[in-house]
Amino acid sequence: MKKIVMSLKVVCLFLICLLLSQALEAETRGVENGQRYARLVIRNVIVIDGKGTPPRGPLDIIVEGNKIQSIQGASRDEKSYEKEEHIIDGTGMYLLPGLINIHAHLHDSRAGIALPFEYSYKLWLACGITTIRDVGSNYEKTIEERRKSQEGLIAAPRIFLYMSAGGGTPEEIRQRIQEAKKKGADGIKIFGMDRDIMKAALDEAHKLSLRVAHHVAVEETDAWDDAAFGVSSIEHWYGVPDAALHGSQKFPPSYNFNNESDRFRYGGRLWREADPEKLGKVLQTLVEKGVAWCPTFVIYEANRDLMRAMNQPWFKDYLHPALEEYFKPNPAFHGSYFWNWTTTDEVFWRENYKIWMDAVRKFADKGGVVGVGEDAGFIYMLYGFSVVRELELHQEAGFHPIDVVQNATGNNAKILGMEERLGRVRQDYLADLILVDENPLENFKYLYPTGFMGFDKEGELAQRGGIKWTIKDGIIYHAPTMLADVKKIVEKARQEFQGKK
Ligand SMILES: [Zn+2]
């Protein structure tokens with residue numbers, strides 16, 4: 001008798017499990033790559049939002065057109081979505097706001113070899129990037145690309161365009177900024193300006209409500225000027241330790257800024273010369289003045305570990321020959337300065353990273369906004385993959401993975417002035433979302449579209465993770481399909497390139 005009761009219990013338990021799993025296993029249906037639907041239901045997902053809060057769920061997200069219409073507790077009643085035509089089953093998946101790449105460049109050629117925009121677009125989408133901020137490209141082309149992306153005519157992230165203010169007299173700079181505004185710039189990028197010119201540039205940009213991104217170089221101005229004139233974001237890092245020196249950096253007499261070998265070698269010895277006390281004041285002032293910081297750790301990584309940078313596993317299938325040629329040491333190409341690069345240079349750069357990362361972390365602790373960007377297309381960095389690597393480097397800098405996600409989503413939206421529409425999983429926000437079938441907080445490597453080797457549930461070695469769906473402006477992209485397209489582009493380009501050789 002006892003045995004029968006037991007087996008009845010087992011049967012009941014089994015039935016309950018079966019029912020439960022059926023209720024939860026909503027199938028994905030009516031969803032195609034490249035489509036936007038009047039109504040899409042994403043069921044049963046765990047959400048990692050872009051505001052620095054821990055995961056929550058399971059939740060059901062309703063997307064209508066290009067907007068998040070509602071977010072609610074996951075329904076266990078199969079009938080509640082019986083009549084829905086378009087459903088993504090998110091069981092076991094994590095949903096995040098689409099990643100924003102705050103420092104990007106649209107390149108349509110490298111080393112004189114054509115590189116289709118489609119290549120970088122699909123890499124970005126495959127890596128979950130739904131928005132890029134272009135801080136330097138061919139603007140006529142980028143304006144057109146931005147329009148096509150806005151209208152959903154191409155598979156591409158949203159594009160925000162920050163046009164270069166160039167050089168010249170203060171009056172010329174003002175004119176150029178006015179022209180940029182007329183052309184439809186979303187912001188201005190400045191680089192290598194003298195102080196009076198930078199002051200005029202910022203004054204003009206503010207009058208026109210344009211945000212300004214400053215690629216600070218070794219120049220007259222530094223982070224004190226960024227704070228004084230009201231720059232929106234510091235790109236990279238140079239001007240920050242510069243502002244904490246006592247006089248010039250200890251350059252050798254032979255140093256020449258235009259020699260990139262010199263520039264990047266001695267860049268690696270800059271942070272160690274910053275006075276920690278003065279640096280603390282610089283960081284505090286930047287925070288008080290609301291200057292954000294986009295450190296782009298990833299783009300200098302070759303400096304501390306050249307072999308790593310040269311041998312990234314995705315190069316095998318996804319490195320376009322145009323980039324392959326461009327990355328080879330060549331004084332004619334920006335960022336291809338690795339002739340005579342030494343072990344000593346790498347040792348200095350490792351120390352440089354430690355102090356730099358510590359400064360970025362302290363800046364955030366004081367309340368500063370830190371963003372995530374890649375600057376790919378230079379220095380062995382591949383579009384998209386470098387953004388995921390940047391997340392890993394933010395974690396290395398001491399950010400909790402939850403805060404790293406915020407840096408790449410909510411914070412980046414803030415830097416763009418789009419924090420009320422982008423960077424969050426929130427009602428009425430634009431439907432820019434990504435779904436990944438492993439927990440990225442456990443391991444950011446799961447966000448690489450190639451996934452990461454691990455044991456699966458059956459105890460077999462398999463590629464785990466990889467983004468499954470990237471939704472931009474309500475348009476659903478199947479991330480593995482995007483990556484497969486990139487592979488085809490590369491195969492074809494390699495054949496053509498071999499033929500020409
Ligand atoms: Zn750049």
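First listed ligand is number 1; within each ligand, the first listed atom is number 1. What you see below is based on every heavy atom in this structure, not just the backbone, and it leaves out hydrogens, waters and symmetry mates.
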I'd like to know: is the Zn ion (ligand 1) within the 2.8 Å range of an N/O/S atom from Glu235, strictly under that distance?
no
Are any of the side-chain nitrogens in Lys488 or Asp485 under 4.0 Å away from the carboxylate oxygens of its partner?
yes
Can you classify the ring geometry of Tyr238 versus His215 as parallel (below 30°), tilted (30 to 60°) or perpendicular (above 60°)?
parallel
Examine all N, O or S atoms of His103, backbone included, and report whether one is under 2.8 Å from the Zn ion (ligand 1).
yes
Write the atom name of the N, O or S atom in Asp375 that is nearest the Zn ion (ligand 1).
OD1
Ring centre gap for Phe297 and Trp237 strictly below 6.0 Å
no
Whether His105 has an N, O or S atom under 2.8 Å from the Zn ion (ligand 1)
yes
Below 6.0 angstrom between ring centroids: does that apply to Tyr446 and Phe452?
no
